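Computed from a predicted structure; not experimentally measured. When a residue number appears, it is its place in the shown sequence, counting from 1.
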Amino acid sequence: MLFKVRSAAVYGIDAHIIDVEVDYSGIKTAQEEFHTVGLPDAAVRESRDRVRSAIKNSGFDMPPTRITINLAPADLKKEGSGFDLPIAIGILGAYGALHIKDLSDFLLVGELGLDGQLRAVQGMLPIAVAARAKGIKNLVIPASNAREAAVVEGVNVYPVSSLLEVRELLNSAAFGSITAVPLKVETTELLNEMQHFPFDFKDVRGQHVAKRALEVAAAGGHNILMIGPPGSGKTMLAKRLPSILAPLRFEEALETTKIHSVAGVLDAEQGLVTHRPFRSPHHTISDAGLIGGGAVPRPGEVSLAHNGLLFLDELPEFPRNVLEVLRQPLEDGMVTIARAAMSLCFPARFMLAAAMNPCPCGYFNDKSRECMCTPPMIQRYVSKVSGPLLDRIDIHIEVPAVQYKELRGGSAAEGSAEIRARVLVARERQRERFEAGAERTKGTPRTASKPVYANAQMSTQQIRMYCELSSDAERLLERAMQQQGLSARAHDRILKVARTIADIEGADSIAVKHIAEAIQYRTLDRSYWS
């Protein structure tokens with residue numbers, strides 16, 4: 001007898017619907033013959049042993065026979081243990097252990113233990129999105145994955161814990177009503193709940209210029225590089241940067257959650273990523289670990305930081321080839337990983353924060369300690385960060401050592417709550433501007449087919465539309481371009497930063513002082529890389 005069950009496979013951060021066709025011959029054989037076709041990988045081929053034991057230990061007694069399983073479409077490679085549940089249900093259906101004959105409204109995914117218990121699998125959110133797109137109403141998945149899938153509206157998510165529980169649920173559907181209650185998750189409440197951060201800017205004494213630069217970076221989503229001696233507070237400032245970032249929109253949260261789900265780093269209890277990611281890889285990371293890769297490509301750190309913050313501490317300590325792979329995602333917000341078998345794209349639109357010492361000993365230009373490095377040593381050290389990569393970083397600031405009086409005395413520093421309030425006001429101005437521009441052009445605010453949420457994501461066309469300058473500001477920018485030898489990319493990034501500074505101050509147009517501050521954030525690199 002032939003029985004069909006629907007399942008799904010994840011490729012990149014998207015899922016494809018897979019038809020699991022089970023043919024149960026019913027003819028007794030001396031030994032059970034179990035054949036799986038349709039380009040299964042080793043984990044799928046091994047499922048026959050897990051499925052056989054799970055069916056037996058769940059109380060079903062089936063005689064040895066010939067079973068053929070086809071995973072269609074047959075030209076797509078199938079991988080992972082998520083096909084255990086649909087294969088087991090397909091065998092039970094073909095054997096006659098189910099009352100229901102048509103499972104076209106159900107999608108089943110899950111790994112089976114030898115005792116028939118269900119275990120979680122990776123990539124459940126993309127599977128739920130694919131089920132909704134194909135009009136499949138019901139999703140039967142392990143209870144550990146339920147909250148993750150339930151954030152997708154329009155699909156009934158039924159959390160189950162064993163093969164017997166799945167059988168009872170499907171048999172109840174055969175009589176017209178499902179006894180189980182689908183899980184519901186209020187995504188609005190998850191995103192709007194109070195966000196707590198372990199670090200606060202109140203802990204930072206002094207460094208007013210650096211905190212101002214971080215506020216500008218957070219308000220516009222700009223990349224930032226901090227240069228200073230050891231112990232000046234670069235890492236301390238970077239760890240507090242997430243506390244002033246704008247909260248995730250639902251579209252951003254959904255896309256970020258898909259990446260974390262595929263990578264297997266999603267918190268099962270939470271179900272939805274509600275905070276902007278903060279990733280801080282060690283400088284010993286490989287290029288594949290940073291950008292993504294593997295025999296079966298998986299997201300790297302730049303994709304896990306999508307819609308969030310990627311912090312690279314001790315930037316020159318990273319291998320040169322590792323840093324150079326950052327160029328494309330910083331420019332395009334996307335990573336393409338090509339392999340012989342497949343080519344996958346992962347989103348990687350993140351805000352980069354980097355910190356470095358000015359020289360190997362760390363005390364170049366420091367007033368309190370003498371630098372022991374020779375000019376060639378300093379040049380070799382800073383040249384590990386290439387000019388093209390540096391050109392893609394909007395803000396370069398110096399973080400000097402904190403003076404004793406600032407460290408011990410004075411009033412309490414401004415906290416993250418006050419800074420974040422200004423950042424949110426600036427972000428709201430940007431949202432209104434981009435939505436109004438979309439209405440004028442009768443489209444949606446997009447940059448390279450992606451929605452625009454911050455000034456740093458503006459396209460060249462949007463820069464010309466929203467960053468008009470007065471004659472005085474034009475002359476100041478022209479003089480800076482000629483004197484500092486800035487590139488066309490630096491020109492656009494100065495305008496984006498100036499637009500953000502004007503948004504923080506509530507100004508409709510970019511003034512000379514806004515351009516001057518933005519230019520100031522591009523001058524520091526000339527002290528070290530010239």
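For Glu111, the side-chain hydrogen bond (donor to acceptor under 3.5 Å, both in side chains) test picks out Ser81, with sequence neighbours left out. Applying the side-chain hydrogen bond (donor to acceptor under 3.5 Å, both in side chains) test to Arg427 and every residue at least two apart in sequence or in another chain returns nothing. With sequence neighbours left out, Glu317 forms a salt bridge (Lys or Arg N to Asp or Glu O under 4.0 Å) with no residue at all.
Between Val385 and Leu389 the shortest heavy-atom distance is CG1-CD2, 4.2 Å.
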If you look only at distance, which donor and acceptor atoms sit under 3.5 Å apart when one is on a side chain in residues 88-101 and the other is two or more places apart or in another chain?
from: Tyr95; atom 1: OH; to: Asp61; atom 2: O; distance (Å): 3.1
from: Lys101; atom 1: NZ; to: Leu98; atom 2: O; distance (Å): 3.4

Only distances under 3.5 Å count here; give the side-chain donor-acceptor pairs of residues 141-151 to other protein atoms, sequence neighbours excluded, each with its distance to 0.1 Å.
from: Asn145; atom 1: OD1; to: Val121; atom 2: N; distance (Å): 3.0
from: Asn145; atom 1: ND2; to: Val121; atom 2: O; distance (Å): 3.1
from: Arg147; atom 1: NE; to: Glu269; atom 2: O; distance (Å): 2.7
from: Glu148; atom 1: OE2; to: Met124; atom 2: N; distance (Å): 3.1
from: Glu148; atom 1: OE2; to: Leu125; atom 2: N; distance (Å): 3.0
from: Glu148; atom 1: OE2; to: Ser261; atom 2: OG; distance (Å): 2.1

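Salt bridge absent: Arg327 and Glu331 never bring a charged side-chain N and a carboxylate O closer than 4.0 Å. The existence of a salt bridge linking Arg431 and Glu428 is confirmed by a sub-4.0 Å separation between a basic side-chain nitrogen and an acidic carboxylate oxygen. Salt bridge status for Arg298 with Glu79: present, with a side-chain N to carboxylate O gap under 4.0 Å.
With values rounded to the nearest 0.5 angstrom, Leu225 atom CG is found 8.5 Å from Leu352 atom CG.
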Exercise for the section: Run the numbers on Arg489 and Asp492 for salt bridge (charged side-chain N to carboxylate O under 4.0 Å, His left out), then give the verdict. Expected result: CA-CA 5 Å; Arg489 181 186 290 113; Asp492 288 351; over 6 Å; no
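Between the side chain of Arg279 and the main chain of Val302, no donor-acceptor pair closer than 3.5 Å is present.
Side chains of Asn138 and Asn156: a donor on one and an acceptor on the other come within 3.5 Å.
Classification of the Phe311-Phe278 ring pair by plane angle, with boundaries at 30° and 60°, yields parallel.
Counting only residues at least two apart or on different chains, the side-chain hydrogen bond (donor to acceptor under 3.5 Å, both in side chains) pairs with a member in residues 235-245 are Asp203-Arg240, Thr235-Asp313, Ser243-Ser416.
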